[in-house]
Trainee: 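Below you will find the structure I want to go over with you.
Keep in mind that this is a model prediction, so the values were computed, not measured. Heavy-atom basis, side chains included; hydrogens, waters and symmetry copies ignored.
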Amino acid sequence: MEPPIYYSKAEFIETDTGNKVSRRATIAGPQNIILGGKTIISSGAIIRGDLRRTGPGHAVVISLGRYCLVGESCVMRPPYKTYRGNFNYYPMKIGDHVHIGANTVVEAAQIGNHVEIGKNCVIGKFTIIKDCARIADNTIIPPNTVVPALSLFAGSPGRFTEDLPESTQEMVEAHTKQFYTRFQPLQDR
């Protein structure tokens, strides 16, 4: 087992469902954001739940599953488009066991379960990332891209580079659970 990752207890707020949210993160429109439990929102992350469809209807803007990690200085904002002259935001759904690396910008429509997104990436508007996919560090995924399950995308623009093994689901799940377990408050002496 790898060593613990210590954090200052004063910097993170822990919810009843085990979510750990940095006080240095910007959570806009928290009433429109769902965190599934045991999710970590790192320092400097910006989650824009305030960018929502005008008028009545669907209020959940961003939903994250369980055991997710939003890395330092990530920006997550819902995708938007103008349709028949009306400008609108659309919901973003993120599955369980998703790790998003530091300094990544995400405007995806959907990210499946057991997905790893590297550091310094840009995930374009309305992208769909299927289960068990991996996005390499410094990758730019163009808008409306569909990333197939069990595939690795890399480059700028992001392209398919290789198939991932069938064991990806178990490996990513073990990694995300281990990361959450290692993420421990620093005990004051």
Trainee: Start with the C-alpha gap between Ile135 and Cys121, add the side-chain angles, then the distance that decides, and say whether side chain to side chain contact (heavy atoms under 4.5 Å, CB included) holds.
Mentor: CA-CA 8 Å; Ile135 311 298; Cys121 294; 4.0 Å; yes

Trainee: For residues 141-162, pull every pair meeting salt bridge (Lys or Arg N to Asp or Glu O under 4.0 Å), keeping only residues two or more places apart or in separate chains.
Mentor: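 Found none.
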
Trainee: Is it true that atom OH of Tyr6 has more than 12 heavy atoms of other residues, nucleotides or ligands lying nearer than 6.0 Å?
Mentor: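 Atom OH in Tyr6 is not packed in, count stays at 12 or less.
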
Trainee: Whether the side chain of Asn19 engages the backbone of Thr39 through a donor-acceptor N/O pair (distance < 3.5 Å, no angle test) should be reported.
Mentor: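 Answer holds: yes.
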
Trainee: For residues 132-157, which residue pairs qualify under side-chain hydrogen bond (donor to acceptor under 3.5 Å, both in side chains), counting only residues two or more places apart or in two chains?
Mentor: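 The answer is Glu116-Arg134, Asn120-Asn138.
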
Trainee: Which atom pair, heavy atoms only, marks the closest approach of Leu164 to Cys132?
Mentor: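 Minimum heavy-atom separation between Leu164 and Cys132: CD1-O, 3.4 Å.
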
Trainee: Looking at every non-hydrogen atom in both residues, tell me the closest pair between Val61 and Pro78 and how far apart they are.
Mentor: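 Answer, listing the atom of Val61 first, then Pro78: CG1-CG, 3.4 Å.
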
Trainee: Which hydrophobic side chains are connected to Ile140, either touching it within the sub-4.5 Å cutoff or through other members that do?
Mentor: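 Besides Ile140, the cluster holds Val122.
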
Trainee: Under the salt bridge (Lys or Arg N to Asp or Glu O under 4.0 Å) test, which residues partner Lys93, sequence neighbours left out?
Mentor: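 Partners of Lys93 by the salt bridge (Lys or Arg N to Asp or Glu O under 4.0 Å) criterion come out as none, since no residue qualifies.
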
Trainee: Tell me whether Ile27 is reachable from Leu64 by hopping between hydrophobic residues (I, L, V, M, F, W, Y) whose side-chain heavy atoms are closer than 4.5 Å.
Mentor: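 Shared cluster, yes.
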
Trainee: Show your working on side chain to side chain contact (heavy atoms under 4.5 Å, CB included) between Lys38 and Lys177 and close with a plain yes or no.
Mentor: CA-CA 9 Å; Lys38 299 192 174 173; Lys177 285 182 173 178; over 6 Å; no

Trainee: Under 4.5 Å between side-chain heavy atoms, chaining through other members, with only Ile, Leu, Val, Met, Phe, Trp and Tyr counted: pull out the rest of the cluster around Tyr80, sorted by chain and number.
Mentor: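 Answer for Tyr80: Leu51, Phe87, Tyr89.
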
Trainee: Is it true that Ile47 and Ile111 fall in one hydrophobic cluster, defined by side-chain heavy atoms closer than 4.5 Å?
Mentor: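 Same cluster.
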
Trainee: Test of understanding: clusters of I, L, V, M, F, W, Y form through side-chain heavy atoms closer than 4.5 Å, transitively. Do Val21 and Val70 belong to the same one?
Mentor: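 Same cluster.
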
Trainee: Under the side chain to side chain contact (heavy atoms under 4.5 Å, CB included) rule, what do Val106 and Met92 come out as? Steps first, then yes or no, please.
Mentor: CA-CA 9 Å; Val106 179; Met92 176 191 296; 4.1 Å; yes

Trainee: Looking at residues at least two apart in the chain, or sitting in another chain, which of them share a salt bridge (Lys or Arg N to Asp or Glu O under 4.0 Å) with Arg66?
Mentor: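 Testing Arg66 for salt bridge (Lys or Arg N to Asp or Glu O under 4.0 Å), a comparison that skips the adjacent residues, returns none.
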
Trainee: Determine, using the 4.5 Å side-chain heavy-atom cutoff (strictly less than), whether Ile123 and Ile62 are members of one ILVMFWY cluster.
Mentor: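 Ile123 and Ile62: one cluster.
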
Trainee: Drop me the distance from Arg52's CZ to Asn88's CG, to the nearest 0.5 angstrom.
Mentor: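 The CZ atom of Arg52 sits 10.0 Å away from the CG atom of Asn88.
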
Trainee: Tell me, please, which residues at least two apart from Phe126 pass ring-ring contact (aromatic ring centres under 6.0 Å, His included).
Mentor: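 For Phe126 the ring-ring contact (aromatic ring centres under 6.0 Å, His included) partners, ignoring immediate neighbours, are Tyr90.
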
Trainee: If every non-hydrogen atom of His97 is compared with every non-hydrogen atom of Thr176, which pair is closest and at what distance?
Mentor: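 Scanning both residues, the minimum pair turns out to be ND1-OG1, 2.7 Å.
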
Trainee: In the single-linkage hydrophobic clustering (I, L, V, M, F, W, Y; side-chain heavy atoms under 4.5 Å), do Ile100 and Ile141 co-cluster?
Mentor: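 Yes, because Ile100 and Ile141 connect within a single hydrophobic cluster, where side-chain heavy atoms sit under 4.5 Å apart.
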
Trainee: With Arg24, which residues qualify under side-chain contact (heavy atoms from CB on, under 4.5 Å), at least two apart?
Mentor: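 Partners of Arg24 by the side-chain contact (heavy atoms from CB on, under 4.5 Å) criterion, ordered by chain and then number, come out as Glu11, Ser22, Ser43.
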
Trainee: Does any non-hydrogen side-chain atom of Ile94 lie less than 4.5 Å from one of Met76?
Mentor: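 The answer is yes, as the side chains (C-beta and beyond) meet within the 4.5 Å cut-off.
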
Trainee: Under the 4.5 Å side-chain heavy-atom rule for ILVMFWY, direct or indirect, which residues accompany Ile46?
Mentor: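 Traced through the cluster, Ile46 reaches Val75, Val105.
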
Trainee: Please list, chain by chain and in numerical order, all residues satisfying salt bridge (Lys or Arg N to Asp or Glu O under 4.0 Å) with Asp163, sequence neighbours excluded.
Mentor: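 Per chain and number, Asp163 pairs via salt bridge (Lys or Arg N to Asp or Glu O under 4.0 Å) with no residue.
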
Trainee: Under the side-chain contact (heavy atoms from CB on, under 4.5 Å) rule, collect the residues that match up with Asp131, sequence neighbours excluded.
Mentor: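 Only Asn113 meet the side-chain contact (heavy atoms from CB on, under 4.5 Å) criterion with Asp131.
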
Trainee: If hydrophobic residues (ILVMFWY) are linked whenever their side-chain heavy atoms come closer than 4.5 Å, directly or via other members, who joins Tyr180 in its cluster?
Mentor: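 Its cluster partners, ordered by chain and number, are Ile5, Tyr7, Phe12, Ile40, Tyr67, Leu69, Phe179, Phe183.
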
Trainee: Might you point out which heavy atoms bring Gln184 and Pro4 nearest each other, and give the distance in Å?
Mentor: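 Between these two residues, the closest heavy atoms are CG-CB, 4.4 Å.
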
Trainee: Identify which one of His99, Glu173, His175 satisfies the side chain to side chain donor-acceptor pair (under 3.5 Å) criterion when paired with His114.
Mentor: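 Of the listed options, the one satisfying the test is Glu173.
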
Trainee: Is there side-chain contact between Glu166 and Leu150, with at least one heavy-atom pair below 4.5 Å?
Mentor: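 Yes, close enough: below the 4.5 Å cut-off.
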
Trainee: Specify the closest pair of heavy atoms between Pro157 and Pro142, including all atoms of both residues, with the distance to one decimal.
Mentor: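 Shortest heavy-atom separation between Pro157 and Pro142 comes out as CB-CG, 3.7 Å.
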
Trainee: Shortest non-hydrogen contact from Gly101 to Cys74?
Mentor: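 The pair with the smallest heavy-atom distance is O-SG, 2.9 Å.
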
Trainee: Do you know which of Arg77, Lys81, Arg48 makes salt bridge (Lys or Arg N to Asp or Glu O under 4.0 Å) with Glu107?
Mentor: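 Exactly one candidate clears the test, Arg77.
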
Trainee: With no hydrogens and no angle check, is any side-chain donor or acceptor of Thr82 less than 3.5 Å from a backbone partner on Asn86?
Mentor: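 Between the backbone of Asn86 and the side chain of Thr82 there is no qualifying donor-acceptor contact (under 3.5 Å).
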
